[in-house]
Amino acid sequence: MPFNYHKRITVIPKLLHVTVSSHGWSWSLGGRRAHVTRHSGGGRSASVRLPGGFSLRRDSRRHH
């Protein structure tokens with residue numbers, strides 16, 4: 001059974017978080033309803049939570 005490490009560090013409460021894991025790091029800017037995330041591998045995602053339990057998420061990767 002593989003183990004993974006995951007630690008979320010709050011830089012600015014309810015606004016900016018840094019996540020460190022065994023796979024790399026990422027930072028998230030925004031709150032619970034909407035946020036943007038940037039991953040160490042160049043990936044980006046944006047997420048919006050909608051009323052009624054729905055959410056929208058868009059992932060993109062940096063092109064070389």
Let me have the donor-acceptor pairs involving side chains of residues 25-36, under 3.5 Å, with sequence neighbours excluded, atom names and distances please.
from  : atom 1 : to    : atom 2 : distance (Å)
Ser28 : OG     : Thr37 : OG1    : 3.1

Acceptor/donor pairs from residues 2-13 side chains to any protein atom, 3.5 angstrom cut, sequence neighbours excluded:
from  : atom 1 : to    : atom 2 : distance (Å)
Asn4  : OD1    : His23 : NE2    : 3.4
Arg8  : NE     : His17 : ND1    : 3.4
Arg8  : NH2    : His17 : ND1    : 3.3
Arg8  : NH2    : His17 : NE2    : 2.7
Thr10 : OG1    : His17 : ND1    : 3.3

Contact summary for Ser40 and Gly24, nearest pair of heavy atoms: OG-CA, 3.8 Å

Of all pairs that satisfy salt bridge (charged side-chain N to carboxylate O under 4.0 Å, His left out), the ones with a partner from residues 45-60, not counting sequence neighbours: Arg57-Asp59

